[in-house]
Amino acid sequence: MVSIIKELFFGERGQHENIITGKRYKKLCEELFEVCKELSKDFNEKQKELFEMICNMQAEIEGEAVFQNYREGFKIGLLLALECLDTP
């Protein structure tokens, strides 16, 4: 049996670089990039700066949400393990 602890320790699991995104995710990213490019093409420098700030803040918000979901997954996994170990 593979040790999940070793896989986590050596970065084989749980690293965002190792998570394979689906076709839909990639398609949405490409569409978002094109829309942002089209939207910002006529921006002045101040508007570009503000738009970049909005994009960066949104990325930070998404990163925080992903981390909280990841953390909740660990909690659920541990609770499941505890419940399984507690049965007679």
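- The CD atom of E34 lies 12.5 Å from the CG atom of L39; values are rounded to the nearest 0.5 Å.
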Under 3.5 Å, which donor-acceptor pairs do the side chains of residues 55-68 form with other protein atoms, sequence neighbours left out?
residue, atom, partner, partner atom, Å
N56, ND2, E52, O, 3.4
Q58, NE2, E62, OE2, 3.2
E64, OE2, Q68, NE2, 2.8

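- Residue pairs meeting the ring-ring contact (aromatic ring centres under 6.0 Å, His included) criterion with at least one partner in residues 20-44, sequence neighbours excluded, are F43-F51.
- For the salt bridge (Lys or Arg N to Asp or Glu O under 4.0 Å) test, residues two or more places apart in sequence or in another chain that qualify with K27 are E31.
- Under a 4.5 Å side-chain heavy-atom cut-off, the cluster of Ile, Leu, Val, Met, Phe, Trp and Tyr residues that includes M53 is completed by L50.
- Within the hydrophobic cluster formed by Ile, Leu, Val, Met, Phe, Trp and Tyr side chains joined at under 4.5 Å, directly or through other members, L28 stands alone, with no partner residue.
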Practice task
List the steps and the verdict of side-chain contact (heavy atoms from CB on, under 4.5 Å) for K75 and R71.
Solution key: CA-CA 6 Å; K75 289 178 184 178; R71 186 175 176 196; 4.1 Å; yes

Practice task
Evaluate side-chain contact (heavy atoms from CB on, under 4.5 Å) for L80 paired with I76, printing each intermediate quantity in order.
Solution key: CA-CA 6 Å; L80 284 168; I76 291 170; 4.0 Å; yes

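- The shortest heavy-atom contact between T21 and K26 is OG1-CE, 3.3 Å.
- In this structure E7 satisfies the salt bridge (Lys or Arg N to Asp or Glu O under 4.0 Å) test together with R13, sequence neighbours excluded.
- Counted within 6.0 Å of CD on E83, heavy atoms from surrounding residues, nucleotides or ligands total 12 or fewer; the atom is thus considered open.
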